[in-house]
Peer 1: 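Below you will find the structure I want to go over with you.
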Protein chains: 2
Amino acid sequence: MNEHANGHYSASSYRTPDGAPSDIVIFTITSSERAGAKKALPTRRLEVLLIKRQKWPFEGLWALPGGFTKETETVEECARRELEEETGVSDVHLEYFNVYSKPGRDPRGWMLSHAFVALVRESFLAGRRTSDEAADVALMPVEDAVGLELAFDHRSILEDALERIRVRMLTTTIAKEFLPEEFTLSELYQVIRAVIPSFEERNFIRKVTSTQSRKGILEEARDASGEPKTSNRYSQRPAQLYRFTDYSPMLSIYG
Amino acid sequence: MNEHANGHYSASSYRTPDGAPSDIVIFTITSSERAGAKKALPTRRLEVLLIKRQKWPFEGLWALPGGFTKETETVEECARRELEEETGVSDVHLEYFNVYSKPGRDPRGWMLSHAFVALVRESFLAGRRTSDEAADVALMPVEDAVGLELAFDHRSILEDALERIRVRMLTTTIAKEFLPEEFTLSELYQVIRAVIPSFEERNFIRKVTSTQSRKGILEEARDASGEPKTSNRYSQRPAQLYRFTDYSPMLSIYG
DNA sequence: GAAATAGTGTCTATGAGACAATATAGC
DNA sequence: GCTATATTGTCTCATAGACACTATTTC
C-alpha cells in the first residue's frame, strides 16, 4: 500500500496524499404553486443538496455529498458514482470545476478534493426527499445554505459552485438541464432568474426569438403535422413551446 | 509516511494516491520582424514551452514542465513554484483548468495531475532560450507541439489548454498578458489572431472603440498633460495607444 | 511619390430597448 | 367581463458589416 509502482522514481520517499475525494454540489430548481392564483407561474427556487455528517470530523454539520476516488477510476467517475449512490440519479449534467488542496483543510490528513457541480431536475429527486433518511439529507435554498456553517471548506466550494453556474447559465445552454424537453419562454426566463436573481430582460421573448446572433439556440416545437405546439399549463392564453437546438454560440467581448 | 493522520477515518485501509503533480502549459507569443519591410507589423506566433525528459518514464520525449505537490502547499502554489524553477518567472497569469486522473496515465503509479495554463510575455523568457540547457527546454509553435508524441497524456492536456485559452482570449481580457501596458489596436488584433487564427473582424478598430456594450474594456492612453499617446513602432502613421481598464463585461447568450 | 499602417465616411440592414396595445382562454 | 399571461406594434437610436476613402509619417 502506498508504495510506488517501481523504484525508478526518485520521489518514492516523498509524502503522498492520503486521499482524493470528489465533492459534488448538487443543484436543483424547485417549483411551487403560488397560493391564490389558479393558473399562475410557479415560484422557482435554486436549491442545493446537503448531507448531515454522522461522524468525525465535523459531526453534525451539513456537508456536500462526496466520497473517495478509487485507484481504478477517474475523479469524474468517482463523482458520478457518488452522485448515483447518494441520489439514485444517473445521466445528469456533471461538471468539474475546481480542486481544493489547502493544507489542513481536512483533519483526517492530506486530502485533495475535486469539486463538481451536478444539475438535476426536481422530478429526479422527488422520491428522495421523502425517504427515511430525510433528516440527514436536505434540499435547501442556496441562500440558506451559504449562511450555514458547513463542514470542511465546503462553504467556499459552494460559493465557487454558485458563481460557476451563474456564469454558465448565461454563457451556455445549461438552462436545459432544469427544463423539460419542450418549455415556454416564461419557464426559461424563470429558470434563469432562479439562478441569477438580478437577471432582468424586459424584452426577453423578443430577444431570444428575434435576435439574429442568438437565433439558433432555440427552435419552436412543432407537432407531427408541423403545427406549432403550445401549452397553457401556466397561463390562460397558450404559450408557444420551444426546445434548445444543439447549437451553442461562441461569445466574444471583441465583437 | 502515508499513514493516515488518525484512526477515526474508516478509509485508512484504502489505497491512496502516489502523488499529485502539477503540470503547466506555458504559452507565450513571439514576435519576429518580417523580412524586407522596415516598419511593418511583426509576425506573432503562439508558442509553448516543453521539456525533454531525461529519465524513465518516457525518456527522450517532450513533456510539459511540472512537479509534485508537497503536503505543505496547494496545487496552485506547487504550479507557481515549478513555473519559477523552470523559467525563472513569477507574477504571471496562472490559471488552473483541469485534473487528469485516468488510471494508468502514469507508469510510476496512481498520479492525479493538475493542469495549469501560464501566460508569459516573450520578454520574460528571453534569457531562458539561450541558456545552457537549451537542448532540453524548447519553445515551440503550438501547431508543431500538438503534432509531436508527448510524454504521458500531455498531448491531451495541451489540446485542452489550447481550447481553454482560445475561449478565454475571446471572453476575458487575458490578451493583456501578452501585451505591454499600452498597446496599439493592431497589436491587440495580432495577439488575438496568434491564438485564434480564424478570428477575423474587418472593422476591428471600429468595434472595440465605438461599441457601447464593449466600450469600457479599453481606454485611450494619455500622457501627463492629457494628450493622447501614440506609437509609430510598427507603422509610419502613429497609432493611438490603448490600455485595458479593469472592467470585464459579463457575456450572455440571451441578451 | 511609394509604402505601410491608421483611421473615417457612408450606406444599409438589423437589433436593442421601452411601452403600449392586443390576443387568448379560463373563470 | 375580469384575470393572468402571451405576443405583437411602433418608435427611436445604436450597432454591424461592408468597403471606399483619407491621413500620417518614413523612406
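The chains referred to below are lettered A, B, ... by the order of the sequence lines, with proteins before strands, and numbering in each begins at 1.
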Peer 1: Identify, with sequence neighbours excluded, every residue that meets side chain to side chain donor-acceptor pair (under 3.5 Å) alongside B:R168.
Peer 2: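 Side chain to side chain donor-acceptor pair (under 3.5 Å) check on B:R168 returns B:E95.
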Peer 1: Could you tell me the separation between the CZ atom of B:R233 and the P atom of C:dT5, rounded to a whole number of Å?
Peer 2: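 Whole-Å distance recorded here is 14 Å.
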Peer 1: Side-chain N or O of A:K207 less than 4.0 angstrom from OP1 or OP2 on C:dG15?
Peer 2: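 Looking at the OP1 and OP2 atoms of C:dG15, neither is under 4.0 Å from any side-chain N or O of A:K207.
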Peer 1: Send over the distance from A:E187 CD to D:dA4 P, rounded to a whole Å.
Peer 2: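 Between P of D:dA4 and CD of A:E187: 19 Å.
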Peer 1: Could you tell me the separation between the CD atom of A:E200 and the C1' atom of C:dG17, rounded to a whole number of Å?
Peer 2: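 About 13 Å, once rounded to whole Å.
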Peer 1: Please enumerate all residues that pass ring-ring contact (aromatic ring centres under 6.0 Å, His included) together with A:Y242, with sequence neighbours excluded.
Peer 2: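 Partners of A:Y242 under the ring-ring contact (aromatic ring centres under 6.0 Å, His included) test: none.
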Peer 1: With the side chain of B:I205 defined as its heavy atoms from C-beta on, choose the nearest nucleotide among C:dA6, C:dG26, D:dT5.
Peer 2: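 Output: C:dA6.
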Peer 1: Under the rule for side chain to side chain contact (heavy atoms under 4.5 Å, CB included), what residues qualify as partners of A:A115, not counting sequence neighbours?
Peer 2: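 Side chain to side chain contact (heavy atoms under 4.5 Å, CB included) check on A:A115 returns A:F97, A:Y100, A:I157.
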Peer 1: Rounding to a whole Å, what distance do you find between B:L188:CG and C:dA6:C1'?
Peer 2: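 Distance, rounded to whole Å: 15 Å.
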Peer 1: Would you please confirm or rule out a distance under 4.0 Å between OP1 or OP2 of D:dT26 and any side-chain N or O of B:S235?
Peer 2: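 Result: no.
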Peer 1: Could you run through nucleotides 18-24 of chain C and give me one letter per nucleotide, 5' to 3': B if any protein heavy atom sits under 4.0 Å from the base, S if only the sugar-phosphate is that close, - if neither?
Peer 2: BB---BB
Peer 1: Counting side-chain heavy atoms from CB outward, which of D:dG17, D:dT7, D:dA6 is closest to A:T184?
Peer 2: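 The answer is D:dA6.
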Peer 1: Sequence neighbours left out, what passes side chain to side chain contact (heavy atoms under 4.5 Å, CB included) with A:A63? Give chain and number order.
Peer 2: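 Expected list: A:R53, A:A151, A:H154.
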Peer 1: Apply side chain to side chain contact (heavy atoms under 4.5 Å, CB included) to A:P197 and list each qualifying residue two or more places apart in sequence or on a separate chain.
Peer 2: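 A:R166.
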Peer 1: Just verifying a value: how many Å separate B:M169 CE and A:I253 CD1, rounded to the nearest 0.5 Å?
Peer 2: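 If I round to the nearest 0.5 Å, the distance is 9.5 Å.
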Peer 1: Expressed in angstrom and rounded to an integer, what is the separation of B:L241 atom CG from C:dT5 atom P?
Peer 2: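 Value for this atom pair: 17 Å.
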Peer 1: Describe the nucleic acid contact of B:T230 in one word from base, sugar-phosphate, nothing, applying a heavy-atom distance below 4.0 Å.
Peer 2: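 Nothing: the residue B:T230, judged by heavy atoms under 4.0 Å, touches no strand.
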Peer 1: Just the rounded figure in Å: distance from P of C:dA25 to CD of A:Q240.
Peer 2: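 Spelled out: CD on A:Q240 to P on C:dA25 is 13 Å.
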